[in-house]
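Only this structure's heavy atoms are used, side chains among them; waters, hydrogens and symmetry mates stay out.
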Amino acid sequence: MTEKRRSREELKRQREQQKRAQRKPLKIWTKRILLTLVAIGIVGFLSGVGLFAYYASSAPELDEDLLKDPISSEFYDTNGELFAKIGAENRKYVEYDEIPPEMVDAILATEDVRFFDHFGIDIWRLGSAVVANLTQGFGAQGASTITQQVVKNSFLSNDKQLKRKAQEAWLAIQLEQHYEKEEIFEMYFNKILMSGRIYGFGTAAEYFYGKELSELSLDEMALLAGMPQSPNNYNPFKYPENAKKRRNIVLSLMAQHGKISESEAEAAKKADVTAGLLPEDQRQGVTGTKYDAFLDVVLTELEENGDGELLADGIKVYTTLDPNAQTVVEDVMNNSENFPTENIQSGVSVIDTKSGQIKAIGGGRDYADRDYNFAQDLTSRSPGSTLKPLVDYGPAIENLKWSTGQTIVDERMTYSGSDQVIRNWDEKYNGTMTIRQALYQSRNVPAVKTLQSVGLEESQAFISKLGIDVDYLVESDAIGGGRVNISPIQMAASYAAFGNNGVYNDPYSIKEVVFRDGSKISYKPESVVAMNDSTAYMVTDILRDVLSNKPGASGQTAQITWLDVAGKTGTTNYSGDEFAKYNLPSTSVPDSWFAGYTTNYSIAIWSGYSKRSEPITTWDERLLPQKLFKTIMSEISADIETPNFTKPSSVVEATIEVGSDPLRLASDYTPNELRQTELFVKGTEPQQVSEVYEQTTPDAPTGLKADYKEKENVINLSWDYKGKGKGKKNVQFEVTMTVDADAPVVIATTDSKKVSVSNIEPGRNYTFTVTAVSNDARSDSASVSLFIDQSVEEPEVEVPDTGFEEDFDLDGDGIPDGDNNGNGNNNGNGNENGNGNGNNNGNGNGNNNGNNGGTGEVDDGTLLPPELPINPTENSQ
C-alpha cells in the first residue's frame, strides 16, 4: 500500500510540474500581449494626437460672416443656367435677447443639453458616440454640439470623414474661445435650416404659424425645436404625423432634463399639431426663385439623400430641369381656361423616358412655394386603373408569356373569399375578349382575373423593379383600389420603363452637387432591367389602343395623331360609406389620372380636389388629365424628333381566332369578327390552325367569259369553278342578265359551267352575273358585260301570210301595204280608218278606231313583236 501511495504521489507531482511548465509560457505570452496593446495604445494615442494636430493645422480660419449667415446655394438647369439661389436673402434675424427662454430650453434639451457647460465638445456625448460607432459602424451616431453644428456649415463637405470631424472639433474649441455662449447660440438659432428654403427659427415661426417667437405656445416651440434633425420630413404642413411624433420626443426630453414638468409635457402632447398652423391661403412663401415646384422636388431629394444641411455650405446644384418643358407646364397650369372649375387641382410630372431625369413639375395651379406639391407629395390617393398595366398585364406577359390575344371572360364575379361584387365602369359584362380589348377598354373583371392568374407575390416582385415598394398586394390592387398609392412622379417613372425597352430608372432631379473646393457628389441612379423588352413592347402596343378610335377606348381625348403615344386612364371610386358620409351625388369620383409616354417623355397627371370629400362629378372634370396631357405633350414635343416605338426581334405577330382554347391560328373560314392579329413572345406563337369553322360560303366562280355568235345570234357564257370545302358537290350556279338599265332577271340555274342566251338584240348592252349557290349560302358574283353593235346584220324575218288573196303595193316598194281591214305590214300602215302599230313580226289587225292587233302596243305607229322567250341551250329552268 505504501508503494502504491508513493507512486500516486509521484504521479501527482509530475502532473503539477507539467501544469506549471504549461502556465509559464501562457503568462509570458499574456504579458507580451498586454505590453503590445499598451504600446499600440500609446502609439495610437500619439499618432491620433499627431494626426489631429495635422488636420487642425489645415483647418480654415474662423470667419464671422460665414458663421452668422447661411452661404447662398445655387441651382442650375440642365443647360447649366442659374435659375435659383437660396440663402440668407429672406431670413428674419433674431437677437439672443429676443429669444424666449422656453425656446432656448426646447432647443438645448433636443440638441445639446450641456451647451453652457462644455468647451465646444461634449466629452460624455462623444464617449457614447464612440461606443455606438464601434458597435454599429463608423458614422452610426454623431456627437456634434451646437457649437460644432455652427462651424461645420463653413466647411466644404458634409461627410463624416476623420479630417472633417477633427477640423470641426478644433474650430469648435476655437469658436468657444472667441465668442460668448449666447453669441454662438444666436448663430445657430438664425442659421439652421428649418425646411425647404426656410432658415432660422424666427423665419420658421412666421412661416408656419404667422407669429412672433414670443407668441408661440409650448407645443409649437417644441415642434420647431425638433425640425432641424430632418427639416423636410418634420414639416407639419406636409407630414403632420411625423411632426407630431418628433414634437412629443422634444417635450419628453424637456421633461427629462427638468426644463418643464411631466404634467406640462403631457398637456402639450395633447395639442392638435395642425391647429395653430397657417391656412394655405394665408401663407407667405419665400420669394425670389423661379420654378418653385421643381425646386421643391430638388430640395426634397437633397433631404432624402441625407444632404439637406449642405444648403448652408454654399453648394452648386446641377439639376435635370428643362426650362422649356417647365415653362410649358407652368403656363398650362396657370391658365384658368384649361380647368373646368375654379378649385380643381392637378399634379404633373414630366420625365425623360430613357434616363429617368425629371424635366418639369406641375405642383399645382398657380404654385408658389406651396407646402403641398401634388406631383411629389400625392402619396395617399389611389391611382385607379393606371395600375392595371403595372400590376396585372405586365406581370402576366412577363411571367406567363401571355400574348396580347390571350382571351379572358368578362363576367360577374367577386373577390376571393368575399361577397363583394367586382363591377365595371358601365355596370356591364361583355363576355369573352382579349386582354388587349380588356385593357384598352379598362374592364375591371378581366384585370382581377389576370392578377389572380399571375399571383400576388409575382406581381409584387414585378412592380418592385419599377420603383413601387409595398409590403404586400391585395386583389383590389388589380384595379388600383388597394394598398398601392404612388405620386405622379413615381407613376411617370414606372411607365417610362415600358417605353424604354423594359429598363427602369429611379426618377431624379439632381445630376450632381459641387462643393466650393470643386469636389462633387453624383446623384445619378443605376438603371435596372425591370422586364423583358418583349413585355415592354407588348404592353406599349396595347396602350397605344387606349388613345385610338377603337370602340370603348378610354383615352381618346388624349390622342395626338402625329405622335406615337401610349397611355392609360385611371379613375378611383368612393366607398358606400363615403357616399353616405359626404352626401355625394351618384356620379362622384375622388380622383382622375392619366399616364402616357412617347420614346422621349413620360408624363403622369392627377386631377381632383385637395379634400377627398370634394368630388369630381362631371365628365369635364374626369377628362381633365387627358386634356392637360395632350396639351403638354404636344407642346414639348413640337420642335424635337420623336421616334416611334420599335418592335423588338423577341416579338412576333400572328392572326388568331379569338376565343379558341387553346389559342389557334385563324383559318380561312374564321369569321372576320373573330380574326385578330396579335403579338406573341417569339417561340410562343400558336402553330396549329383552328378547325372550329369550316367553309360555309361557296367560292366565287372565276374566269367568266361572254362570247357573241353573230350567225346564231346567241351569247355563249362560260366560267371556271375551283371551289373547296363543305358543300362543294351541291353547288349550283345562278345566272342573271341585265339589259341596259333594266332590272336584272334570273335566266338560268344550272350545275353546268356554261349557258347560251339567244334572241340577242343589236344596239343594247348585256351584263351577266354568275353566283355559286349551296343550300342557303351564296358566293360573291362574277360579272361580265357585252355591247352588241347596231352594225350587226339582222336576221331575215319572214313576212307572215295575211290570209288575203291579194296584197296591195301602193307605194311600189315591193312590200304589201295592207288591206282595208288594217292588216299591218313592215310599216304598220293600216287603212284610212285605222293605224296598226307593229314591227316585222307583228300583225296589227286594226279596226275603224285604230286599235292594235295581236300583241302589238299602241305607241308611235310601229308594230312591236310579242316578247321572245329566252331558251338556254343547256339545263335551263
K520 and F515: CA distance, side-chain angles, deciding distance, side chain to side chain contact (heavy atoms under 4.5 Å, CB included) verdict: CA-CA 6 Å; K520 302 176 181 179; F515 297 96; over 6 Å; no
Derivation and outcome, salt bridge (charged side-chain N to carboxylate O under 4.0 Å, His left out), residues K92 and E212: CA-CA 11 Å; K92 178 178 181 179; E212 296 293 331; 2.7 Å; yes
V348 and F374: CA distance, side-chain angles, deciding distance, side chain to side chain contact (heavy atoms under 4.5 Å, CB included) verdict: CA-CA 7 Å; V348 179; F374 287 104; over 6 Å; no
Worked verdict on N235 versus S195 for side chain to side chain donor-acceptor pair (under 3.5 Å): CA-CA 7 Å; N235 184 322; S195 181; 3.1 Å; yes
From CA spacing to verdict: side chain to side chain donor-acceptor pair (under 3.5 Å), S217, E220: CA-CA 5 Å; S217 60; E220 292 169 346; 3.3 Å; yes
Trace of the side chain to side chain contact (heavy atoms under 4.5 Å, CB included) decision for M103 with L213: CA-CA 8 Å; M103 187 84 249; L213 288 167; 4.3 Å; yes
M194/F201 under side chain to side chain contact (heavy atoms under 4.5 Å, CB included): CA gap, chis, key distance, verdict: CA-CA 7 Å; M194 296 298 293; F201 286 90; 3.6 Å; yes
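With hydrogens and angles left out, the side-chain atoms of S487 and Q490 include no donor and acceptor closer than 3.5 Å. Checked by atom type, the side-chain pair Q559/N549 shows a donor-acceptor distance below 3.5 Å. Side-chain atoms of S442 and K388 form a donor-acceptor pair, as typed in the model, at a separation below 3.5 Å. Checking N505 against S527 by side-chain atom types alone, a donor-acceptor pair falls below 3.5 Å. A donor and an acceptor atom, one from each side chain of Q345 and S610, are nowhere located under 3.5 Å apart. T540 and Y597 form a side-chain donor-acceptor contact under 3.5 Å, judged by distance and modelled atom types alone. Under the 3.5 Å distance criterion, with hydrogens and angles disregarded, a donor-acceptor pair is assigned to the side chains of K511 and T78. Counting only N and O atoms by type, the side chains of T642 and T598 include no donor and acceptor under 3.5 Å apart. Under 3.5 Å, the side chains of D352 and S355 contain a donor-acceptor pair of N or O atoms. There is a side-chain donor-acceptor pair under 3.5 Å between Y609 and T341. Side-chain polar atoms of T300 and E303 form no donor-acceptor pair below 3.5 angstrom.
A donor-acceptor pair under 3.5 Å is absent between the side-chain atoms of R544 and the main chain of D564, judged by distance alone. A donor-acceptor distance shorter than 3.5 angstrom exists from the side chain of R247 to the backbone of K269, with no hydrogens or angles considered. Judged by distance alone, the side chain of E635 and the main-chain N or O of I632 form no donor-acceptor pair under 3.5 Å. In this structure, the side chain of Q556 does not engage the main chain of L547 through any donor-acceptor pair within 3.5 Å. Between the D307 side chain and the L310 main chain, no donor and acceptor come within less than 3.5 Å of each other. Here the side chain of N335 pairs a donor or acceptor atom with the backbone of E337 at under 3.5 angstrom. When atom types are taken as modelled, the side chain of E578 and the backbone of S575 share a donor-acceptor pair closer than 3.5 angstrom. No side-chain donor-acceptor contact under 3.5 Å links E512 to the backbone of I521. A donor-acceptor pair under 3.5 Å is absent between the side-chain atoms of T320 and the main chain of Q357, judged by distance alone. Of the possible polar contacts, none joining the T631 side chain to the L628 backbone as a donor-acceptor pair under 3.5 Å is found.
A salt bridge links D620 to K627: one of the charged nitrogens lies within less than 4.0 Å of a carboxylate oxygen. The residues E206 and K211 are annotated as not salt-bridged, no charged nitrogen and carboxylate oxygen being separated by less than 4.0 angstrom. Using a 4.0 Å cut-off between charged side-chain N and carboxylate O, R443 and D426 make a salt bridge.
The nearest pair of heavy atoms linking V546 to T569 is CG1-N, 4.5 Å. Listed here is the closest heavy atom pair of T617 and P585: CG2-CG, 4.2 Å. In plain terms, the two heavy atoms of D219 and A268 that are nearest each other are CB-O, 3.6 Å. The nearest pair of heavy atoms linking A492 to I351 is CB-CD1, 3.8 Å. Considering all non-hydrogen atoms of both residues, V513 and Y523 come closest at CG2-CE1, 3.8 Å.
Looking at heavy atoms from C-beta onward, W562 lies in side-chain contact with S634 at the 4.5 angstrom threshold. Within the 4.5 Å cutoff, no side-chain heavy atoms of D272 are placed close to those of K244. Side-chain contact between V391 and I479 is absent, with no heavy-atom pair separated by less than 4.5 Å. Taking the side chain as every heavy atom from C-beta outward, I361 and S349 approach each other to under 4.5 Å. Looking only at side-chain heavy atoms (C-beta outward), P383 and M491 come within less than 4.5 Å of each other. Between P389 and Y393, the closest side-chain pair of non-hydrogen atoms is not below 4.5 Å. Under the 4.5 Å side-chain criterion, counting only non-hydrogen atoms from C-beta, L624 is not in contact with E621. Contact check for N190 versus V94: side-chain heavy atoms found under the 4.5 Å cut-off.
Aromatic pair Y76/Y318: ring centres closer than 6.0 Å. Checked against the 6.0 Å centroid criterion, the rings of Y367 and Y372 do not qualify as a close aromatic pair.
Expressed to the nearest 0.5 Å, how far CG of D477 lies from CG of L390 amounts to 11.0 Å. Summarising the geometry, atom CD belonging to Q460 is positioned 11.0 Å from atom CD1 belonging to I468; distances are rounded to the nearest 0.5 Å. Rounding to the nearest 0.5 angstrom, the gap separating the CG atom in N600 from the CD1 atom in I603 is 10.5 Å. Summarising the geometry, atom OG belonging to S336 is positioned 9.0 Å from atom CD belonging to E342; distances are rounded to the nearest 0.5 Å. Atom NZ of K568 is separated from atom CG of L439 by 6.0 Å, given to the nearest 0.5 angstrom. One finds the CE atom of M227 at 11.0 Å from the CG atom of N242 (value rounded to the nearest 0.5 Å).
Using bins of under 30°, 30° to 60° and over 60° for the plane-to-plane angle, the ring pair F83/Y291 lands in the tilted bin. Note: F237 and F208 have tilted aromatic rings, judged against thresholds of 30 and 60 degrees for the angle between ring planes.
Under the side chain to side chain contact (heavy atoms under 4.5 Å, CB included) test applied with W593, the options S382, P488, S607 reduce to a single match, P488.
Counting only residues at least two apart or on different chains, the salt bridge (charged side-chain N to carboxylate O under 4.0 Å, His left out) pairs with a member in residues 581-606 are R381-D591, D591-R612.
A 6.0 Å sphere centred on NZ of K354 holds more than 12 heavy atoms belonging to other residues, nucleotides or ligands.
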